[in-house]
Engineer: 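Just dropping this structure here.
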Amino acid sequence: MTLNKNYNTKLYYSIKEVAQIIGVNESTLRYWETEFPNLKPKTVTSTKVRQYTEKDIEDIKVIYNLIKVRGFKIAAARKYMHHNRDTVDRSAKVLETLLDVREQLKDLKKRLDSLV
């Protein structure tokens with residue numbers, strides 16, 4: 001499952017939009033909010049609607065990388081993020097770049113295969 005990078009920059013995103021961007025269920029995002037203290041999207045008091053910022057999305061990408069890609073358990077991911085935040089951020093960016101390169105290579109292979 002790859003992260004969807006085709007989203008527009010705006011001030012706030014709904015939980016549905018973030019779930020599509022990251023590639024997880026909305027329930028997964030709600031669960032992660034209970035497990036990771038740094039993940040606290042703004043909520044509109046009257047409607048209880050979550051509003052995620054770009055910073056929230058970056059944090060979720062890091063959590064996704066640790067749990068879904070690297071296979072960490074929740075407690076281990078939380079501890080790792082707390083003690084190694086800079087390393088985790090760099091690792092997530094490297095992973096994102098590698099996923100982009102992989103997609104580009106797949107497209108290139110398809111084009112080459114169609115020439116044969």
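Start at 1 with the first residue, then count along the sequence. All values reported here derive from a predicted model rather than from experimental measurement.
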Engineer: Looking only at heavy atoms, what is the nearest atom pair of Glu17 and Lys10, with distance?
Structural biologist: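 Between these two residues, the closest heavy atoms are OE2-NZ, 2.6 Å.
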Engineer: Quick one: are Ile74 and Phe36 in side-chain contact, heavy atoms under 4.5 Å?
Structural biologist: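 Contact flag for Ile74/Phe36 side chains = yes.
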Engineer: Looking at Pro41 and Gln51, what are the two nearest heavy atoms and their distance?
Structural biologist: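 Looking at all heavy atoms of both residues, the shortest contact is CB-O, 3.6 Å.
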Engineer: Please name the pair of heavy atoms, one in Asp56 and one in Lys40, separated by the smallest distance, quoted to 0.1 Å.
Structural biologist: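 Looking at all heavy atoms of both residues, the closest pair is OD1-O, 4.3 Å.
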Engineer: Roughly how far, to the nearest 0.5 Å, is the CE atom of Met81 from the CG atom of Asn38?
Structural biologist: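 Asn38 CG to Met81 CE: 4.5 Å, rounded to 0.5 Å.
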Engineer: Does Tyr80 belong to the same Ile/Leu/Val/Met/Phe/Trp/Tyr cluster as Tyr31, with side-chain heavy atoms less than 4.5 Å apart forming each link?
Structural biologist: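 Result: yes, single cluster for both.
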Engineer: CD1/Ile21 to NZ/Lys16 distance, rounded to the nearest 0.5 angstrom?
Structural biologist: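 These two atoms lie 13.0 Å from each other.
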Engineer: If you take all heavy atoms of Ile67 and Ala77, which pair is closest and at what distance?
Structural biologist: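 Ile67 and Ala77 have their closest heavy atoms at CG1-CB, 4.0 Å.
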Engineer: If Ile, Leu, Val, Met, Phe, Trp and Tyr residues are connected whenever their side-chain heavy atoms lie under 4.5 Å apart, and connections chain through other members, are Ile15 and Val49 in the same group?
Structural biologist: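 Ile15 and Val49: separate clusters.
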Engineer: Is there a side-chain contact (heavy atoms from CB on, under 4.5 Å) between Lys42 and Thr53? Walk through the geometry before answering.
Structural biologist: CA-CA 8 Å; Lys42 178 181 173 185; Thr53 63; 6.0 Å; no
Engineer: Given side chains that start at C-beta, do those of Arg50 and Tyr13 come closer than 4.5 Å, heavy atoms only?
Structural biologist: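 Side-chain contact under 4.5 Å: no.
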Engineer: Please say which of Asn65, Asp59, Ile57 ends up in a side chain to side chain contact (heavy atoms under 4.5 Å, CB included) with Lys61.
Structural biologist: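 Among the candidates, only Ile57 passes.
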Engineer: Rounded to the nearest 0.5 Å, what separation is found between the CD1 atom of Ile63 and the CZ atom of Arg78?
Structural biologist: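 It is 10.0 Å, given to the nearest 0.5 Å.
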Engineer: Under the salt bridge (Lys or Arg N to Asp or Glu O under 4.0 Å) criterion, do Asp107 and Arg111 qualify, and how do the steps go?
Structural biologist: CA-CA 6 Å; Asp107 289 342; Arg111 286 189 212 151; 5.2 Å; no
Engineer: Tell me, with the steps shown, if Thr43 and Lys48 meet side-chain contact (heavy atoms from CB on, under 4.5 Å).
Structural biologist: CA-CA 6 Å; Thr43 56; Lys48 303 281 186 188; 5.8 Å; no
Engineer: Would you give the length of the straight line joining atom CG of Leu39 to atom CH2 of Trp32, rounded to the nearest 0.5 angstrom?
Structural biologist: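 So the gap between those two atoms works out to 9.0 Å.
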